[in-house]
Each structure stands twice: as C-alpha cells, then as structure tokens.
Amino acid sequence: MFAAEIYMHHFLLSSAVRTLNPEEADWFYTPIYATCDLAPNGLPLPFKSPRMIRSAIQFISSEWPYWNRTEGADHFFLVPHDFGACFHYQEERAIKRGVLPLLKRATLVQTFGQLNHVCLKYGSITIPPYASPQKMQTRLIPPNTPRSIFVYFRGLFYDVENDPLGGYYARGARASVWENFKDNPLFDISTEHPATYYEDMQRAIFCLCPLGWAPWSPRLVEAVIFGCIPVIIADDIVLPFADAIPWEDIGVFVDEDDVPKLDTILTSIPIEIILRKQRLLANPSMKQAMLFPQPAQPGDAFHQILNGLARKLPHDQTTFLRPGEKILNWTTGQIADLKPW
C-alpha cells in the first residue's frame, strides 16, 4: 500500500510529459523509495528515510544547479507513508520528528492527509494508497449480486503489540467499534481476514473505513472500487482528488466521538440516499481516479497527480505559451492545441 512512489516512477519514465532536457522542465522528480526499508515482518520501517533524503538532496544539489536555484520549489517527492515526510507510523513520534527542513519549499505527494497537521504539509498533493488493480479485477462478482451485509469490516481493533495499554491506536475509534457492535447482528466485523474479503465487500452496503495509526487505510480505496459506501471515521481527514471524486456524495462521515451511535446513524439514512450513493459509486471514472494501473490509463491516479502539479505551477511559468502551440492534456493523455486565454 506504500508502493505509489515506485509506480509513479515507472509511469514517468515512459510518460509523454517527461523531458530529457532539464531546461524545459516545469518539475523535477527525485525517486527515493523512502518506504522500502522493511522490518523482518515485511512492514515498512521508514526510520532511515530522513538520512536517505538528505543524501539524495546533497547529491542532486552538488551535481546539478536546479535544486539550488529555487531551494527545491520546483521539485516534488512522493512520501506515501502514514505521516508523510515525518517518517514515522506513530503520530506523536512523527510530530516530534517533523518534516525535514530541506523539504520546506518542495512539493510533497502524500497519502491522504489531515487538516492542520504538522506532518502533512499544507499545499501538498494528496493521493490514495496503492492497491493492486489487477488483483481486485480478478475478484469481481456479478454486479446484480444482492448486498446482504449491512455493515462490513475486517481488521485490527486493538494493536496489542504496539499499543499494549490500548486507546492510542486509532485514537480509540476502532476499539469503540468493537466494544459497541461486536454482538450487533447488523455489523459483520472481525479481526479475521477471510479469503472472500473482496467478495464480501461487494455484498455489503456500508464498509467501515476508520483511521488506524494514520487517518487513512486502504479500505477506502477498496470500498470505492467495490461500490460499498465508505463510512469514513477519521476527524479532519483530507481525501484525494476532490475535483474527481465527490466524497461528500458517495461516503458517510462519522466523527470519532460518535462511533457509539454508528448503528443509529446508518439505519437512519433513507433508502433513496443509499441508492444515490451506490449509483455514484458505480461511475467507472471515479474508480479509475483511485487506481495506479499498469499501463497508465486516462483519468487514473497518475494523471490526477499530474493535474495537481499543473495547478501548482505559477502563472508566469505558462505565459510564454501562445494559441496554436501544443500542450499536453494530462487527463486524456492527448496533445491538443492551446486555446487563447
């Protein structure tokens, strides 16, 4: 789920927006793979990432002039770990680390976000976590299959290994889900991860998407892909690609403090609202925006990132373009004539 930085690198290597002439470039990308340091259990441990980034910036600033002329303002980095460029999965420790001062002018492409959070830099580009399009495609069931599960969730409620006293993990929201609804027949919730996980999501009306160590989880991507209405439990979360995905229309937002009232909140949603959300979730373009397919496709997450970078360009970087010249449409991937201002 942290592999977006690798796939973005692969995409850019063959993209039409790439130039081999740095004088033509609007943006510079430095691939670092900051989440590829793995613990024995296979989970990313990006504790060495600050040292990696310092080393990379030292290299590019000594070999080429482009970083130094703007202090990295025209450079972007993918930092898809839990708390972006603070490089720690536990929030308090991440905050103590802070974002590297070297990155103060650079643009960060980070996974989801949270308002007013020191680690999730303001003005960054927010993206979904990587989820395998190929794997999900092979697990589709007939679209007319009845949605017989009211509320579905599989995952940790307590992280005993890293939070033995409880209450810190997920700010207590997941623990509250379990304690309040483990015996509620409307809630199909468990720590087990069955082989039918993807199929079960396609049979569910609501899929719980609570925060974990960070505000986000891959369940939000999976819920959108499988047409299960995401129930987003993460205060002040910043969601990706708001211009492509109408989050308020397709999801249900529940405050962390209101978790004990989840059953009342969800059962009180009128059926016509549920059906409308399901119709919107069936839109293929919305699903496409959440995915990093190989090869890339128009409107996918790669192109949403390019659109975000294009919006961040200062106006004076585009004023040299004139009607009749060519510019790449990053949404369709097609070259088009530039229209007059």
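Counting from 1, the numbers follow the sequence of the chain as shown.
Between Phe241 and Trp247, the ring center distance fails the sub-6.0 Å criterion. Checked against the 6.0 Å centroid threshold, Phe47 and Phe87 do not count as a close aromatic pair.
When the shell of 6.0 Å around CD of Glu92 is examined, it contains 12 or fewer heavy atoms from other residues, nucleotides or ligands. By the 6.0 Å contact criterion, CZ on Arg51 is open, its count of non-hydrogen atoms from other residues, nucleotides or ligands being 12 or less. Counted within 6.0 Å of CD on Glu272, heavy atoms from surrounding residues, nucleotides or ligands total more than 12; the atom is thus considered enclosed. Around NZ of Lys182, the count of heavy atoms belonging to other residues, nucleotides or ligands within 6.0 Å exceeds 12. More than 12 heavy atoms of other residues, nucleotides or ligands shown are found within 6.0 angstrom of CD on Glu199.
Formation of a donor-acceptor pair under 3.5 Å by the Asp236 side chain with backbone atoms of Leu115 is not found in this model. A donor-acceptor pair is defined here as one N or O able to donate and one able to accept, closer than 3.5 Å; such a pair exists between the side chain of Lys121 and the backbone of Ala106. Between the side chain of Lys287 and the main chain of Val224, a donor-acceptor pair closer than 3.5 Å is present. Put simply, the side chain of His81 never gets that close to the backbone of His88: no donor and acceptor are under 3.5 Å apart. Checking side-chain atoms of Thr267 against main-chain N and O of Asp263 turns up a donor-acceptor pair under 3.5 Å. Side chain of Arg203 to backbone of Arg147: no donor-acceptor contact under 3.5 angstrom is found. Of the possible donor and acceptor atoms, one in the side chain of Glu256 sits under 3.5 Å from a partner among the backbone N and O of Asp235. Ser61 places a side-chain N or O within 3.5 Å of a backbone atom of Ile57 that can act as its donor or acceptor partner. The backbone N or O of Cys207 sits nowhere less than 3.5 Å from a side-chain atom of Arg219 that would complete a donor-acceptor pair. Looking only at distances, a side-chain donor or acceptor of Asp300 sits under 3.5 Å from a matching main-chain atom of His303.
The ring-ring contact (aromatic ring centres under 6.0 Å, His included) test with Tyr89 singles out one residue from Phe83, Tyr169, Trp213, and that residue is Trp213.
Transitive grouping of hydrophobic side chains (ILVMFWY, heavy atoms separated by less than 4.5 Å) brings Phe226 and Met286 into a common cluster. In terms of hydrophobic clustering, with Ile, Leu, Val, Met, Phe, Trp and Tyr side chains grouped at heavy-atom distances under 4.5 Å, Ile237 and Ile95 are assigned to different clusters. A continuous path of hydrophobic side-chain contacts links Val252 to Trp216 [ILVMFWY only; heavy atoms under 4.5 Å]. Hydrophobic clustering of Ile, Leu, Val, Met, Phe, Trp and Tyr side chains at less than 4.5 Å, counting indirect connections, unites Leu102 with Phe77. With hydrophobic clusters built from ILVMFWY side chains whose heavy atoms lie under 4.5 angstrom apart, Ile6 does not share a cluster with Val79.
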side-chain contact (heavy atoms from CB on, under 4.5 Å) assessment of Leu208 paired with Leu262: CA-CA 10 Å; Leu208 300 185; Leu262 256 178; 4.2 Å; yes
Leu239 vs Ile245, side-chain contact (heavy atoms from CB on, under 4.5 Å): CA-CA, chis, key distance, verdict: CA-CA 9 Å; Leu239 296 165; Ile245 303 173; over 6 Å; no
Criterion side-chain contact (heavy atoms from CB on, under 4.5 Å) on Asp82 and Gln90, from CA distance to verdict: CA-CA 8 Å; Asp82 287 355; Gln90 292 187 355; over 6 Å; no
side-chain contact (heavy atoms from CB on, under 4.5 Å) between Asp74 and Arg69, intermediate numbers included: CA-CA 9 Å; Asp74 52 2; Arg69 67 185 182 182; 3.8 Å; yes
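Residues forming a side chain to side chain donor-acceptor pair (under 3.5 Å) with Glu179 (at least two apart in sequence, or on another chain): Tyr158. Annotation: side chain to side chain donor-acceptor pair (under 3.5 Å) contacts of His117 (sequence neighbours excluded): Glu91. For Cys86, the disulfide bond (SG atoms under 2.5 Å apart) criterion is met by Cys119, not counting sequence neighbours. When the side chain to side chain donor-acceptor pair (under 3.5 Å) test is applied to Tyr168, no partner is found at least two apart in sequence or on another chain. By the side-chain contact (heavy atoms from CB on, under 4.5 Å) test, Val109 pairs with Phe76, Leu78, Ile125, Ile127, Ile305, sequence neighbours left out.
When all heavy atoms of Thr70 and Arg105 are compared, the pair lying nearest together is O-NH1, 2.8 Å. The nearest pair of heavy atoms linking Pro230 to Cys209 is CB-SG, 3.9 Å. Nearest approach of Ala289 to Ala244, heavy atoms of both residues: CB-CB, 4.2 Å. Here the closest heavy-atom approach between residue Pro240 and residue Thr126 is recorded as CB-O, 3.4 Å. The minimum heavy-atom distance linking Phe292 with Pro128 is given by the pair CE1-O, 3.7 Å. Of all non-hydrogen atoms in Val254 and Val231, the two that sit nearest each other are CG2-CG1, 3.9 Å.
Under the 3.5 Å distance criterion, with hydrogens and angles disregarded, no donor-acceptor pair is assigned to the side chains of His75 and Tyr66. There is a side-chain donor-acceptor pair under 3.5 Å between Asn283 and Ser285. Counted by atom type alone, Thr145 and Gln202 present zero donor-acceptor pairs between their side chains at under 3.5 Å.
Of the inter-residue distances, the one linking Phe187 atom CZ with Tyr152 atom OH reads 14.5 Å to the nearest 0.5 angstrom. Distance check, rounded to the nearest 0.5 Å: CD1 of Ile233 to CZ of Phe153 gives 8.5 Å. Interatomic distance, Ser62 OG to Trp67 CH2, rounded to the nearest 0.5 Å: 12.5 Å. For the atom pair Leu281 CG and Asp249 CG, the distance stands at 10.0 Å (nearest 0.5 Å). Interatomic distance, CG of Leu266 versus CG of Leu186, reported as 9.0 Å (0.5 Å rounding). In this structure, Ile32 CD1 and Glu5 CD are separated by 8.5 Å, a value rounded to the nearest 0.5 Å.
The shortest side-chain heavy-atom distance between Phe150 and Pro185 does not fall under the 4.5 Å cut-off. Taking the side chain as every heavy atom from C-beta outward, Lys277 and Ile274 never approach each other to under 4.5 Å. Here the side chains of Val221 and Met1 are not in contact, with every heavy-atom distance at 4.5 Å or above. Between His9 and Tyr29, some side-chain heavy-atom pair lies under the 4.5 Å cut-off. At least one side-chain heavy atom of Arg18 sits less than 4.5 Å from a side-chain heavy atom of Leu13. Taking 4.5 Å as the limit, some side-chain heavy atom of Pro50 sits within range of a side-chain heavy atom of Arg97. Put simply, the side chain of Tyr197 does not reach to within 4.5 Å of the side chain of Arg139, judged on heavy atoms. Residues Asn180 and Lys261 are not in side-chain contact: their nearest non-hydrogen atoms beyond the backbone lie 4.5 Å or more apart.
Ring pair Tyr7/Tyr130 is parallel by interplanar angle, where below 30° counts as parallel and above 60° as perpendicular.
Screening residues 152-161 for salt bridge (Lys or Arg N to Asp or Glu O under 4.0 Å), with sequence neighbours left out, gives Arg154-Asp188.
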